[in-house]
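Residue numbers begin at 1 in each chain, while the letters A, B, ... track the order of the sequences. These values consider heavy atoms only, across backbone and side chains, with no hydrogens, waters or symmetry-generated copies.
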Number of protein chains: 2
Amino acid sequence: MRTTDEPTTALFRALMHPTRLAILDLLRHGEQCVCHLEAHLGKRQAYISQQLMVLREVGLVDDQRDGLNVYYRVINPQVFALIDTARAMLGVAVDTDQADGSQGNCPCPRCSPVTEIVLVS
Amino acid sequence: MRTTDEPTTALFRALMHPTRLAILDLLRHGEQCVCHLEAHLGKRQAYISQQLMVLREVGLVDDQRDGLNVYYRVINPQVFALIDTARAMLGVAVDTDQADGSQGNCPCPRCSPVTEIVLVS
DNA sequence: CCAGTATATTCCATCTTTTGAATATGGCAA
DNA sequence: TTGCCATATTCAAAAGATGGAATATACTGG
């Protein structure tokens, strides 16, 4: 229908998706670049980007460019309370960390500071 | 996808709908019969029933028969906190009452106790 | 300017949700 | 049983979401 609806439904609509929920979980401890999310979620970049677009459109996240990388962050941390309440209702343990098992080697400067480029002669 | 997803997404999926949200709002002050919801929401009975089915399937509401009428109630009131948090995030006023303007004349015994059947000779 | 890297967007086939319409069920009273 | 009332379920068409593939954009370095 999508007519005079409350924006509330749009919010829940955005939270209705496993990957988007996983992305938000990865943003709990501060902003992350797309490559970071990509590495940790094990999904294609374009796909992650699509989901980020949805989160952006409902005003849940904000992006900020830093050189080649784009860093995303949650605008209103209350959304975490929302997710936690939902999980609590269902008896799901609130996993404070990683959304999935994949270790994720994010190559961005913030994740991997230049240290291994020592190349001894 | 719908595979190994968290039940959390199912919860949000159920809350993603304006009519379902309105039904939950009507159940804030205790259980209500279907005709009550029908009267207040101004939607067809079958439609209301469909939405109630969705809410039932995710374990948000419970029903109980009393004669001809079926009364629905919210199982876990925490869901109201969830909705309120969402609305607060969006700056939407938490309307404690009626979901829409329609006055709603519910004919069920609890709403309209037998008083007008006096029929003087 | 050109190439390369990080991210974004568009397009599209497929699957799911939405909602109207018709129909079914369950209970009550006569 | 019959008829009626309240509610539930099923079906199907239209609308919307999902996720893959290709492509576009933005920035950096040479």
Side-chain angles (χ1 to χ4, degrees), chain A residues 1-3 5 9-10 12-23 31-58 61-73 104-112 114 117, chain B residues 1-3 5 9-10 12-23 31-58 61-73 104-112 114 117:
Chain A
M1 201 212 242
R2 234 66 247 300
T3 49
D5 302 348
T9 57
F12 285 130
R13 188 182 301 272
L15 294 176
M16 177 192 80
H17 194 287
T19 300
R20 294 196 288 265
L21 230 38
I23 288 175
E31 60 181 18
Q32 300 290 351
C33 64
V34 177
C35 60
H36 188 91
L37 303 175
E38 193 183 345
H40 281 268
L41 296 174
K43 307 272 183 180
R44 292 171 309 111
Q45 174 273 317
Y47 181 55
I48 303 277
S49 221
Q50 283 172 352
Q51 305 306 155
L52 284 169
M53 193 191 312
V54 175
L55 292 174
R56 225 185 311 129
E57 279 169 351
V58 292
V61 303
D62 192 11
D63 58 335
Q64 186 194 333
R65 200 156 200 135
D66 181 0
L68 278 182
N69 303 292
V70 175
Y71 289 82
Y72 277 84
R73 64 171 229 281
N105 293 330
C106 177
C108 83
R110 296 199 196 174
C111 286
S112 316
V114 221
I117 313 187
Chain B
M1 201 212 241
R2 232 65 248 298
T3 49
D5 303 348
T9 57
F12 285 129
R13 186 180 302 270
L15 295 176
M16 177 193 80
H17 194 288
T19 300
R20 294 195 289 265
L21 230 39
I23 288 176
E31 61 180 19
Q32 299 291 350
C33 64
V34 178
C35 60
H36 187 91
L37 303 175
E38 191 182 347
H40 281 268
L41 296 174
K43 308 273 184 181
R44 294 170 308 111
Q45 174 273 317
Y47 182 56
I48 303 275
S49 221
Q50 285 172 349
Q51 304 307 155
L52 284 170
M53 194 193 310
V54 176
L55 292 174
R56 227 185 309 130
E57 279 170 352
V58 292
V61 303
D62 193 11
D63 59 334
Q64 185 195 333
R65 202 163 196 127
D66 181 0
L68 278 181
N69 303 290
V70 175
Y71 290 83
Y72 276 84
R73 64 172 230 279
N105 292 330
C106 178
C108 82
R110 297 200 196 173
C111 286
S112 315
V114 219
I117 313 187

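- Residues A:L41 and A:A22 share a closest heavy-atom pair of CD2-CB, 3.6 Å.
- The distance from atom NE2 of B:H17 to atom C1' of D:dG16 is 12 Å, rounded to the nearest whole Å.
- Atom pair B:I48:CD1 and D:dT9:P shows a separation of 15 Å (rounding to whole Å applied).
- Counting to the nearest Å, the P atom of C:dT18 and the CG atom of B:L21 are 13 Å from each other.
- With rounding to whole Å, A:Q32 atom CD is found 11 Å from C:dT7 atom P.
- Counting to the nearest Å, the P atom of D:dC5 and the CD atom of B:E38 are 14 Å from each other.
- Pairing each heavy atom of A:P18 with each of B:T9, the nearest pair is N-CG2, 3.5 Å.
- Side chain of B:M16, nearest nucleotide from C:dT17, C:dT19, D:dT7: C:dT17.
- Screening A:V34, A:L52, A:V70 against A:D63 for a side chain to side chain contact (heavy atoms under 4.5 Å, CB included) leaves a single residue, A:V70.
- Taking 4.5 Å as the limit, every side-chain heavy atom of B:L15 sits out of range of all side-chain heavy atoms of A:L15.
- For A:D62, the side chain to side chain donor-acceptor pair (under 3.5 Å) partners at least two apart in sequence or on another chain are A:R73.
- In this structure, B:L37 atom CG and D:dA6 atom P are separated by 14 Å, rounded to whole Å.
- For C:dG20, one of the phosphate oxygens OP1 or OP2 lies less than 4.0 angstrom from a side-chain nitrogen or oxygen of B:R44.
- In this structure, A:K43 places its NZ atom 16 Å from C1' of D:dA21, rounding to the nearest Å.
- The side chain to side chain donor-acceptor pair (under 3.5 Å) search around B:R65 returns none, not counting sequence neighbours.
- When each of A:Q51 and B:L52 is assigned the nucleotide of DNA chain D with its nearest heavy atom, B:L52 is the one assigned upstream, toward the 5' end.
- Checked against side chain to side chain donor-acceptor pair (under 3.5 Å), B:D66 has the following partners two or more places apart in sequence or in another chain: B:R110.
- Of all the residues in residues 62-71 of chain A, A:R65, A:G67, A:L68 reach under 4.0 Å from DNA chain D with at least one non-hydrogen atom.
- Closest to the B:V34 side chain, of the nucleotides D:dG16, D:dA8, C:dT7, is D:dA8.
- For A:R44, the side chain to side chain donor-acceptor pair (under 3.5 Å) criterion is met by no residue, not counting sequence neighbours.
- Here the straight-line distance linking atom CD of B:Q64 with atom CD of B:E31 works out to 5.5 Å at 0.5 Å rounding.
- For A:R20, a side-chain nitrogen or oxygen approaches OP1 or OP2 of D:dT18 to under 4.0 Å.
- Using a 4.0 Å cut-off, some side-chain N or O of A:R13 falls inside it from OP1 or OP2 of D:dA17.
- OP1 and OP2 of C:dT7 both lie 4.0 Å or more from every side-chain N or O belonging to A:Y47.
- Terminal axes of the helix from C:dC1-D:dG30 to C:dA30-D:dT1 (five pairs each, C1' rotation axis) are separated by 20°, to the nearest 10°.
- Between A:A14 and A:R20, the shortest heavy-atom contact is O-NE, 2.7 Å.
- At least one side-chain heavy atom of B:T19 sits less than 4.5 Å from a side-chain heavy atom of B:K43.
- The distance from atom CD1 of B:I23 to atom P of C:dT18 is 12 Å, rounded to the nearest whole Å.
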Which protein N or O atoms sit under 3.5 Å from an N or O of nucleotides 10-13 of chain D?
| unit_1 | atom_1 | unit_2 | atom_2 | d |
| --- | --- | --- | --- | --- |
| D:dT10 | O4 | B:Q50 | NE2 | 2.9 |

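- If you check distances only, the side chain of B:Q45 does reach the base of D:dA8 with a donor-acceptor pair under 3.5 Å.
- Side-chain proximity of B:S49 to C:dA8, D:dA8, C:dA21: nearest is D:dA8.
- The ring pair (Phe, Tyr, Trp, His ring centres under 6.0 Å) search around B:F12 returns A:F12, not counting sequence neighbours.
- Close to D:dA6, at under 4.0 Å from its OP1 or OP2, lies no side-chain N or O of B:H36.
- Partners of A:Q50 according to the side chain to side chain contact (heavy atoms under 4.5 Å, CB included) rule, which considers only residues two or more places apart in sequence or in another chain, are A:Y47.
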